[in-house]
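In listed order, ligands and their atoms are each counted from 1. Residue indices begin at 1 and follow the sequence shown. Here the structure is a predicted model, which means the values were calculated and not measured.
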Amino acid sequence: MKLLEGKTAIITGASRGIGRGIAEVFAAHGANIAFSYSSSAKAAKELEEKLSAQGVKVKGYQSDASNFAQSQEFVDAVVAEFGGVDILVNNAGITKDNLLMRISEEDFDKVIEVNLKSVFNMTKAVQRFMLKQRKGSIINMSSVVGVKGNAGQSNYAASKAGIIGFTKSIALELGSRNIRCNAIAPGFIETEMTAVLDEKVVQSWRDSIPLKRGGQPEDVANACVFLASDMSAYITGQVLNVDGGMLT
Ligand code: NAP
């Protein structure tokens, strides 16, 4: 059963990793997809071609989600090209890990801008259109680290906890217009973001997860399909952990 047939989804940061996984699974469910990336033009083109072959409309846009004006332009361009927007997945994110004693002001600000301010930029840009059509689903990519904190990731954890507060506030503001806003808190998902980590550390994480494995982008993507589709029509303001039981 195709759960997103005929819907248009915007996904930020889909040239690789979890965002790419979401684009692939959304396309398989019949959604038309507009996605953004920061610099991976080649990977974006490949994804565009691969998904277009499945009979859905797909277009990649180079757009910095942390930039307010670029986010407005991106959404305007998508609405002009696709005729509207039903789903927004705020997925773009970065890490610049360091202990508080070593972290620079620049690295703190950058992570907040790309991970948290981007969510404000994009949500503000789509709300005009979603308000008019009186429907929409917004999904924000938080993290288990935003729920419980993590040594060496104070900037990242603050950005991801901020996303949860933002999500709940928007759910309250826009619920009466049938616009839903939920967050996903992935645990350890094996992507390029985590490939830079020491293999021994990674294996010890896998061993400590109740389901005994790292997650795959598809695991997060499937949760996004649920929150994007009408299957979750009565669910808003929630944080869904996709973490193999890590926070249990
Ligand atoms: P990733 O593999 O590093 O991919 C990040 C994506 O975001 C890329 O497509 C990148 O584009 C894009 N991006 C980066 N900065 C951007 C910007 N300013 N504007 C637009 N796009 C931008 O990361 P990931 O592991 O898939 O993570 C995706 C999301 O899940 C992030 O928000 C992350 O915090 C969250 N998350 C991940 C994990 C995990 O274990 N992996 C766990 C919890 C939460 P380019 O390719 O052009 O650089």
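- Checked by atom type, the side-chain pair Ser232/Arg180 shows a donor-acceptor distance below 3.5 Å.
- Of all the heavy atoms in Ala183 and Leu227, the pair that sits closest is O-CD1, 4.5 Å.
- Heavy-atom separations between Gly214 and ligand 1 are all 4.0 Å or longer.
- Taking CD from Gln238 and CD1 from Ile184, the interatomic distance works out to 12.5 Å, rounded to the nearest 0.5 Å.
- Of the listed residues (Arg16, Met141, Glu192), the one carrying the non-hydrogen atom nearest atom 1 (P) of ligand 1 is Arg16.
- Comparing Ser63, Ser142, Gly13 against atom 20 (C) of ligand 1, the shortest heavy-atom distance belongs to Ser63.
- Counting the atoms of ligand 1 from 1 in the order shown, those under 4.0 Å from a heavy atom of Ser143 are 43 (C), 44 (C).
- In this structure, a donor-acceptor pair under 3.5 Å is present between the side chains of Thr167 and Asn140.
- Of the protein's heavy atoms, Ile189 O, 3.1 Å lies nearest to atom 41 (N) of ligand 1.
- With respect to atom 9 (O) of ligand 1, the closest heavy atom belonging to the protein is Ser15 OG, 2.7 Å.
- Protein heavy atom at the shortest distance from atom 18 (N) of ligand 1 is Asp64 OD1, 2.8 Å.
- Ranking the protein heavy atoms by distance from atom 16 (C) of ligand 1 puts Ser38 CB, 3.7 Å first.
- Interface of Ala14 with ligand 1, defined as ligand atoms under 4.0 Å from a residue heavy atom, comprises 9 (O).
- Taking the charged nitrogens against the carboxylate oxygens, Lys50 and Glu46 have no contact shorter than 4.0 Å, which rules out a salt bridge.
- Looking at ligand 1, you'll find an N or O of Ala65 within less than 3.5 Å of one of its N or O atoms.
- Heavy-atom proximity to atom 29 (C) of ligand 1, evaluated over Thr191, Asn91, Ile18, is greatest for Asn91.
- Residue contacts with ligand 1 include Gly187, since one or more of its heavy atoms lies under 4.0 Å from the ligand.
- Under a 4.0 Å N-O distance rule, the pair Asp86/Lys135 qualifies as a salt bridge.
- From the protein, the heavy atom lying nearest to atom 34 (O) of ligand 1 is Tyr156 OH, 2.5 Å.
- Atom 5 (C) of ligand 1 has Gly93 O, 3.9 Å as its closest protein atom, hydrogens excluded (heavy atom only).
- Under a 4.0 angstrom heavy-atom cut-off, Lys160 registers as being in contact with ligand 1.
- Shortest contact from atom 46 (O) of ligand 1 to any protein heavy atom: Ser40 OG, 2.5 Å.
- Contact detail for Pro217 and Gly17: the closest heavy-atom pair is CB-O, 3.8 Å.
- In this structure, the protein non-hydrogen atom closest to atom 21 (N) of ligand 1 is Ala92 CB, 3.6 Å.
- Within ligand 1, the atoms closer than 4.0 Å to a non-hydrogen atom of Val114 are 15 (N), 18 (N), numbered from 1 in the order shown.
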Distance-only criterion, 3.5 Å: show the donor-acceptor pairs between side-chain atoms of residues 69-80 and protein atoms not counting sequence neighbours.
| unit_1 | atom_1 | unit_2 | atom_2 | d |
| --- | --- | --- | --- | --- |
| Gln70 | OE1 | Asp64 | N | 2.8 |
| Ser71 | OG | Ala65 | O | 3.3 |
| Ser71 | OG | Asn67 | O | 2.8 |
| Gln72 | OE1 | Arg128 | NH2 | 3.4 |
| Asp76 | OD1 | Arg128 | NH2 | 3.0 |

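- In this structure, Glu81 pairs ionically with Lys59, as a charged nitrogen and a carboxylate oxygen lie closer than 4.0 Å.
- A salt bridge links Glu199 to Arg206: one of the charged nitrogens lies within less than 4.0 Å of a carboxylate oxygen.
- Nearest heavy atom pair, residue Leu47 against residue Ala23, reads CD2-CB, 4.1 Å.
- Pairs of residues two or more places apart, or lying in two chains, that qualify as side-chain hydrogen bond (donor to acceptor under 3.5 Å, both in side chains) and include a residue from residues 92-113 are Asp97-Gln153.
- Near Gly17, the atoms of ligand 1 lying under 4.0 angstrom from a non-hydrogen atom of the residue are 2 (O), 26 (O).
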